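Take a look at the structure below.
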Amino acid sequence: MENREIAEVLIEIADLLELQGANPFRVRAYRNGARTVADTSRPLAEMVEAGEDLTELPGIGKDLASYITELIETGESSVLEEAREKVPSSVRELMRIDGVGPKRAMLFYEELGVETVPELEEALEEGEVGQLPGFGPRSLERLRQGIEDYKRHTERFRLSDADRVVAPLLEYMGAAPGLVAVETAGSYRRRVETVGDIDLIVIGDPPEAIMDHFESYPEAARTEIAGPSRGTIVLKNGLHIDLRILPEESYGAALHYFIGSKAHNIAVRKLGIERGLKINEYGVFRVEGTTGGEDEAPDVGEKIGGAREEDIFEAVGMVWVPPELREDRGEIEAALEDDLPDLVVLDDIRGDLHMHSRWSDGEASIEEMARACAERGYEYMAITDHSVAVRVANGLDPKRLEEQWEEIDEVRKRVPEIEIFRGMEVDILPDGSLDLPDEYLDELDLVIVAVHSRMGLPEAEMTDRIIRGISHPAVDILAHPTGRLINRRNPYAVDLERVMEAARERGVALELNSNPARLDLSDVHLRRARELGVRVAVNTDAHRVANLDLMGYGIDQARRGWLEAEDLINSMGLPEFRRWLEREG
DNA sequence: GCCGTTTTCGGCCCGACTGTTTTCAGTCG
């Protein structure tokens with residue numbers, strides 16, 4: 001059982017408990033536990049098998065540890081079964097509609113017998129929802145809209161799709177009257193691989209004029225909320241944009257608060273409480289103690305900061321934390337010790353080691369790719385077309401590969417400013433053998449291996465297949481190690497822990513594929529690779545010149561995985577990289 | 001349900017907006 005599956009069970013229990021009106025802190029405990037499990041790269045199943053104590057993990061106590069153990073050992077969860085008896089799990093889906101939380105979902109279920117979104121839509125059309133208490137005409141209309149949005153876009157948006165929306169939006173907002181500054185926040189700013197909405201922070205005056213300008217955005221389909229300091233518009237493509245307008249003296253506090261993540265904020269605020277401070281989006285305040293009555297809120301005293309983000313971190317004894325790390329995955333502790341990683345930046349990249357040309361399924365010639373790489377300031381690059389097994393991609397057989405080498409030799413002469421390595425993306429066949437004879441593998445400067453077929457193999461077989469594949473002494477890099485496509489295809493079943501250990505022993509690097517549809521490895525796995533001492537290659541897998549610019553997405557993801565330049569192989573200068581290629585596996 | 005250098009019990013981050021049951025619950029981030 002994979003961690004992802006365990007986390008899903010804990011989330012399902014949390015949802016069901018929430019629907020049943022359980023203690024909200026108990027619900028949160030399950031969600032926190034789920035987050036811990038999802039953020040742990042080591043398989044919990046392995047930890048259980050080794051007899052390790054799961055309560056060592058943050059947010060996992062005696063109860064959750066026993067539920068997880070039961071789940072791993074039996075494949076079932078009695079707690080989940082029990083929760084499902086009270087509410088059908090399909091009711092959870094209702095909560096995904098904007099404006100519907102646990103209370104309303106439960107109201108629909110108990111009063112109308114509604115268990116699914118289509119049933120809710122029907123009840124709405126039949127006028128049944130209008131009979132419920134608390135549902136006036138505005139609520140009904142909002143629910144109708146919410147269902148429409150739900151049907152149109154149930155998935156989160158890929159970061160690259162969000163980027164295309166954000167650039168023109170920022171330009172438009174920059175022209176708002178009285179605007180001083182506008183910045184992105186939220187998961188977009190943290191560069192999470194997918195985003196649910198876009199958060200904008202604005203400093204300016206008067207707020208009403210800025211909010212009017214915001215609501216008038218030509219791409220907006222409608223306004224969801226428009227208060228004095230907060231608004232939401234929905235774009236024609238279904239993406240929600242949240243805007244917060246704040247005074248300049250609160251800029252840093254607001255930025256910190258709205259960049260999140262929620263878990264990071266909670267942890268920082270807790271540190272504040274320990275120091276007698278109250279932290280909110282307006283600033284950092286000293287708490288003066290209560291003035292009397294039992295339910296009296298603590299008196300908020302002197303404001304001691306908030307104009308700069310650093311004010312927040314300094315107030316609780318931390319150094320500034322890059323947004324990509326703000327997930328409460330250890331960055332709080334590291335920042336308290338001033339021991340954060342020196343995160344990799346795009347400028348650290350000296351070469352792109354995975355790209356295709358017209359020889360297989362690329363759209364540009366080798367020379368076009370070489371010149372484009374040189375323009376990006378790279379010292380080296382590798383042409384890595386597909387091997388023959390990938391027939392749909394016009395994979396090269398040995399004969400065509402030899403012909404390609406002649407062309408590479410010619411391009412080397414014409415584009416001397418960059419070193420072009422002869423590479424290939426060689427398929428790992430279902431039995432783990434490589435799709436190219438040894439004598440050709442030996443002639444290549446750089447060998448990438450990858451799985452493109454039979455992705456449904458059972459985990460043990462897939463793991464053995466991949467480990468056998470990377471065990472060939474000619475192999476340098478394992479490409480897109482899990483095969484996932486964001487929102488489209490799940491990762492194939494593979495024990496990455498074993499693959500990573502094998503890669504480290506053999507001196508093979510794992511790829512971080514920068515294509516925003518892949519971003520494979522994930523942030524959590526990258527972090528694990530770093531812990532295990534496995535080197536990483538951040539590559540674009542470009543199939544045309546413009547794709548070379550996808551490197552930035554790989555860097556974003558690498559930063560989320562805590563990677564430093566020295567964790568990568570393609571941050572090495574050319575001489576050092578040559579030595580790496582010559583290494584003994 | 002978790003957690004503890006003020007605590008093994010009693011806390012658990014904090015604020016904005018909406019609609020409607022006119023004083024606040026529900027939802028969201």
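Please read these numbers as outputs of a predicted model, since none were measured by experiment. In what follows, every chain begins at residue 1, and chains take the letters A, B, ... in the order their sequences are listed. All values below were derived from every heavy atom in this structure, side-chain atoms included, with hydrogens, water molecules and symmetry-related copies excluded.
For A:Tyr282, the side-chain atoms get nearest to B:dG15 when compared with the rest of B:dC17, B:dG15, B:dT20. In the set B:dC13, B:dG1, B:dG15, the nucleotide with an atom closest to the side chain of A:Tyr30 is B:dG1. Closest to the side chain of A:Arg138, from the set B:dC13, B:dT20, B:dA16, is B:dT20.
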Under 3.5 Å, which N/O atoms of the protein pair with N/O atoms of nucleotides 3-9 of chain B?
unit_1 : atom_1 : unit_2  : atom_2 : d
B:dC3  : OP1    : A:Gly59 : N      : 2.8

Shorter than 3.5 Å, N or O on both sides, protein versus nucleotides 25-29 of chain B: list them out with atom names.
unit_1 : atom_1 : unit_2   : atom_2 : d
B:dT27 : OP1    : A:Gly101 : N      : 2.8
B:dT27 : OP1    : A:Gly101 : O      : 3.3
B:dT27 : OP1    : A:Arg104 : N      : 3.0
B:dT27 : OP2    : A:Lys103 : N      : 3.2
B:dT27 : O5'    : A:Gly101 : N      : 3.4
B:dC28 : OP1    : A:Gly99  : N      : 2.7
B:dG29 : O4'    : A:Arg230 : NH2    : 3.3
B:dG29 : N2     : A:Tyr257 : OH     : 2.5

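Atom CD of A:Glu8 has more than 12 neighbouring heavy atoms from other residues, nucleotides or ligands inside a 6.0 Å radius. More than 12 non-hydrogen atoms from other residues, nucleotides or ligands lie less than 6.0 angstrom from CD of A:Glu52.
When the options A:Glu193, A:Arg489, A:Arg484 are evaluated for a side chain to side chain contact (heavy atoms under 4.5 Å, CB included) with A:Arg518, the one that passes is A:Arg489.
Across the interface with DNA chain B, nearest-nucleotide mapping of A:Ser139 and A:Asn280 shows A:Asn280 to be the residue nearer the 5′ end. Between A:Glu224 and A:Asn265, the residue anchored nearer the 5' end of DNA chain B, judged by the nucleotide with its closest heavy atom, is A:Asn265.
One atom, CG of A:Leu10, and another, P of B:dC2, lie 10 Å apart when rounded to the nearest Å. Look at OH on A:Tyr67: it is 8 Å from P on B:dC2, rounded to the nearest Å. The interatomic distance linking A:Arg35 (CZ) with B:dC2 (C1') rounds to 13 Å, in whole Å. Atoms CG (A:Asn23) and P (B:dG1) sit 9 Å apart, rounded to a whole Å. B:dC13 atom C1' lies 6 Å from atom CD1 of A:Ile266, rounded to whole Å. Atom pair A:Leu143:CG and B:dG19:C1' shows a separation of 13 Å (rounding to whole Å applied). Distance A:Leu64 CG to B:dC2 P: 4 Å, rounded to the nearest Å. Rounded to whole Å, atom P of B:dT18 lies 16 Å from atom CD of A:Gln145.
With hydrogens and angles ignored, the 3.5 Å screen pairs a side-chain donor or acceptor of A:Asn280 with a backbone N or O of A:Gly283.
Dashed line: the shortest gap from a side-chain N or O of A:Arg26 to OP1 or OP2 of B:dG1 is under 4.0 Å.
Of the N and O atoms on the side chains of A:Ser78 and A:Glu70, at least one donor lies less than 3.5 Å from an acceptor on the other residue.
Comparing the C1' positions of B:dT21 and B:dC14 gives a spacing of 26 Å, expressed to the nearest Å. Remark: the separation of the P atoms in B:dG11 and B:dT22 is 33 Å, to the nearest Å.
Relative to the ring axis of A:Trp562, A:Arg527 places its NZ or CZ within 45° and under 6.0 Å from the centre.
In this structure, the side chains of A:Glu309 and A:Ile259 come closer than 4.5 Å at one or more pairs of heavy atoms.
Applying the salt bridge (Lys or Arg N to Asp or Glu O under 4.0 Å) test to pairs two or more places apart or on separate chains, those with a residue in residues 157-170 of chain A are A:Asp161-A:Arg164, A:Asp163-A:Arg191.
Across all strands shown, B:dT8 forms no Watson-Crick or G-U wobble pair with both key distances under 3.5 Å.
Glycosidic conformation, B:dT6: anti, with the torsion outside 90° of 0.
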